[in-house]
Amino acid sequence: MIRHQRRKADFRDRLFGRKLVELDRHGKFMLGLFEGDITLIMHLGMSGRMQLAEPGEKRVAHSNVVVGFDDEIELRLVDPRTFGFMVAVTPEEFGSTSVGKLGPDALNQLPRTAELVAALAGRTAPIKALLLDQRIMAGLGNIYADEVLFRSRVRGRRKAGRLSGPEVGAIRKSIGPVLQAGLRSGGTSLDDLAYLLPDGRAGEFVDKLKVYGREGEPCKRCGSAIRRSVIAQRSHFYCPECQV
DNA sequence: ACCTCCCTGGCC
DNA sequence: GGCCAGGGAGGT
C-alpha cells in the first residue's frame, strides 16, 4: 500500500526505533524528520486523512499506513483512493523526490507580485492551471484556487501571461486570507467526509466557500448563479458577474 | 499544453 | 452501468 516506497521493507526498517525530531510542511507535502536523517514524506492525495488513534482502537476501512509511536499513539493514513502516500527516504533519495521540485510555499514563502508576474509572463495556460501547478507555487489545490480567483475577481480561464499587474497583485493578496480562513475552519470536509481533522472532527470551511461546489447557487456577493466549467481537467467554479 | 493513468466509493 | 471526485506523475 506504500506504492511510493520501492522496497516495502524499507519503510519499516528506516523508521523503526527512530525518534521523530521535527515536523515540517511544504505545500501539500508533510515532512517528518527522524533521527538518522530519515525523512517521512506524507501526502493526503485526493481522499486521504490523517488519524491519531490509540493502538487498540479499531481501524476504519482503508487505514492503509499505520505508524506506531511508543507513547501509545498511532498515526494512520486513511485513504480510500490510495492516491495519498507515506514514504521514508534517505538524504540521497530526498533530492530526487517531488518535494524538491516544489515552488515556494503559498503560505510561508509567498512570492512578491513582481516575481509572480515574471513567472507568468508569456504563459498562455489558464491562470487556474498555473495556480494548481505546484512548481510555480506550492499549496493551492482545486478548492482554494477557485476561492482565491473569486476573491481576486479573476476568471480561471484567463491566460496567465495576459493578466495585468494589478490582477496578479489581487491574486497574490487573496492567497493568504483564503488559506488562513481555511485553516481557521479546520479545512474543507465535503459531504463524503473523506477529509477530517486528525481527531476526527470535520473541517468547517465548506460552509464558507464562496464558489467551489456551488454551481447554480447565488453568488454571495452579487446574487448571480455560480457557474461550473472545466479547466485543466478539473472543475472550475466562478461567478460570471464578479469575475472578469 | 495537453492527455492518461493511478484507485475506490457514492450518486444518478 | 456510467460518471464524478480535495492530486500528481509521466508520457507525448
Side-chain angles (χ1 to χ4, degrees), chain A residues 1-6 25-31 41-51 59-65 77-87 89 93 95-103 105-107 119-150 156-162 175 178-179 181-183 185-198 202-216 228-237:
Chain A
M1 197 35 71
I2 310 166
R3 261 195 302 280
H4 292 65
Q5 193 86 50
R6 289 197 59 101
R25 178 195 61 76
H26 193 136
K28 289 178 267 192
F29 289 75
M30 292 164 280
L31 307 171
I41 304 175
M42 301 170 275
H43 198 293
L44 297 180
M46 291 273 272
S47 58
R49 71 180 202 253
M50 292 297 183
Q51 183 187 29
R59 291 181 190 179
V60 299
H62 310 293
S63 298
N64 296 336
V65 186
L77 172 60
V78 180
D79 182 19
R81 288 176 73 185
T82 75
F83 293 165
F85 60 87
M86 289 196 197
V87 59
V89 300
E93 291 169 347
S96 55
T97 65
S98 42
V99 181
K101 299 172 189 130
L102 296 176
D105 183 78
L107 203 52
L120 302 180
R123 301 291 302 260
T124 57
I127 180 60
K128 165 140 188 201
L130 297 190
L131 288 180
L132 293 174
D133 185 340
Q134 306 294 302
R135 294 169 301 187
I136 293 178
M137 194 191 315
L140 291 182
N142 205 32
I143 295 175
Y144 295 99
D146 276 3
E147 296 298 310
V148 164
L149 286 165
F150 173 78
R157 80 159 88 95
R158 294 276 303 283
K159 289 182 193 293
R162 299 232 179 112
I175 291 172
V178 167
L179 290 180
L183 285 168
S185 295
T188 312
S189 296
L190 300 175
D191 290 344
D192 61 8
L193 298 183
Y195 164 78
L196 296 172
L197 289 153
E204 294 171 342
F205 196 59
V206 67
D207 299 329
K208 303 197 170 67
L209 294 173
K210 301 279 204 295
V211 287
Y212 185 87
R214 299 192 64 243
E215 181 181 18
R228 176 186 179 273
S229 68
V230 174
I231 296 174
Q233 290 82 242
R234 313 293 301 279
S235 288
H236 173 50
F237 297 91

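Just the heavy atoms: all of them, side chains too, but no hydrogens, waters or symmetry mates, feed the values below. Given the structure is predicted, the values throughout are model-derived calculations rather than measurements.
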Less than 6.0 angstrom separating the ring centers of Phe205(A) and Tyr144(A), yes or no?
yes

Which part of the nucleic acid, if any, lies within contact of Ser235(A), taking any heavy atom under 4.0 Å across all strands shown: a base, the sugar-phosphate backbone alone, or nothing?
sugar-phosphate

In Watson-Crick or G-U wobble terms, both distances under 3.5 Å, what is the partner of dC6(B)?
dG7(C)

Select base, sugar-phosphate, or nothing to describe what Arg228(A) touches, counting heavy atoms under 4.0 Å on all strands.
sugar-phosphate

If anything within 90° of 0 is syn and all else is anti, what is dG7(C)?
anti

Roughly how many Å is it from CG in Asp79(A) to P in dT8(B), rounded to a whole number?
11 Å

Taken to the nearest whole Å, CZ/Arg234(A) to C1'/dT4(B) is 14 Å

Among dA5(C), dG6(C), dG7(C), which nucleotide has an atom closest to any side-chain atom of Arg81(A)?
dA5(C)

Hey, does Tyr212(A) reach any base, or is it just sugar-phosphate, or nothing, if we go heavy atoms under 4.0 Å?
sugar-phosphate

Under a 4.5 Å cut-off applied to non-hydrogen side-chain atoms, are Leu183(A) and Leu107(A) in contact?
yes

Just to be sure I understand the rule, does Arg123(A) reach a base, reach only the sugar-phosphate, or reach nothing, if contact means heavy atoms closer than 4.0 Å?
sugar-phosphate

Students often get this wrong, so: under 4.0 angstrom with heavy atoms, is Leu190(A) touching a base, only sugar-phosphate, or nothing?
base

Is the number of heavy atoms from other residues, nucleotides or ligands under 6.0 Å of Glu204(A) CD greater than 12?
no

Taking atom P of dG8(C) as reference, at what distance in whole Å does atom CG of Leu140(A) sit?
11 Å

Looking only at side-chain N and O atoms, does Ser98(A) come under 4.0 Å of OP1 or OP2 in dA9(C)?
yes

Quick check on DNA chain B: between Asp192(A) and Thr124(A), whose nearest nucleotide comes earlier from the 5' end?
Thr124(A)

Using whole Å, report how far CG of Asn64(A) lies from P of dG9(B).
10 Å

Of dC4(C), dG9(B), dG6(C), the nucleotide closest to the side chain of Ala194(A) is dG6(C)

Would you say Lys28(A) places a side-chain N or O within less than 4.0 Å of OP1 or OP2 belonging to dG6(C)?
no

With the six-membered base ring of dG8(C) as reference, does the ring of Phe83(A) sit under 5.5 Å away with planes under 30° apart?
no

Select from Ala61(A) and Leu130(A) the residue whose nearest nucleotide in DNA chain B is closer to the 5' end of that strand.
Leu130(A)

With respect to the phosphate group of dG9(B), does any side-chain polar atom (N or O) of His62(A) fall under 4.0 Å of OP1 or OP2?
yes

Sugar-phosphate, base or nothing in reach of Gln233(A), heavy atoms under 4.0 Å:
base

With the side chain counted from C-beta on, respond yes when Leu44(A) and Lys28(A) share a heavy-atom pair under 4.5 Å apart, and no when they do not.
no

Answer yes or no: is there a donor N or O on one side and an acceptor on the other, between the side chain of Ser185(A) and the main chain of Gly203(A), under 3.5 Å?
no

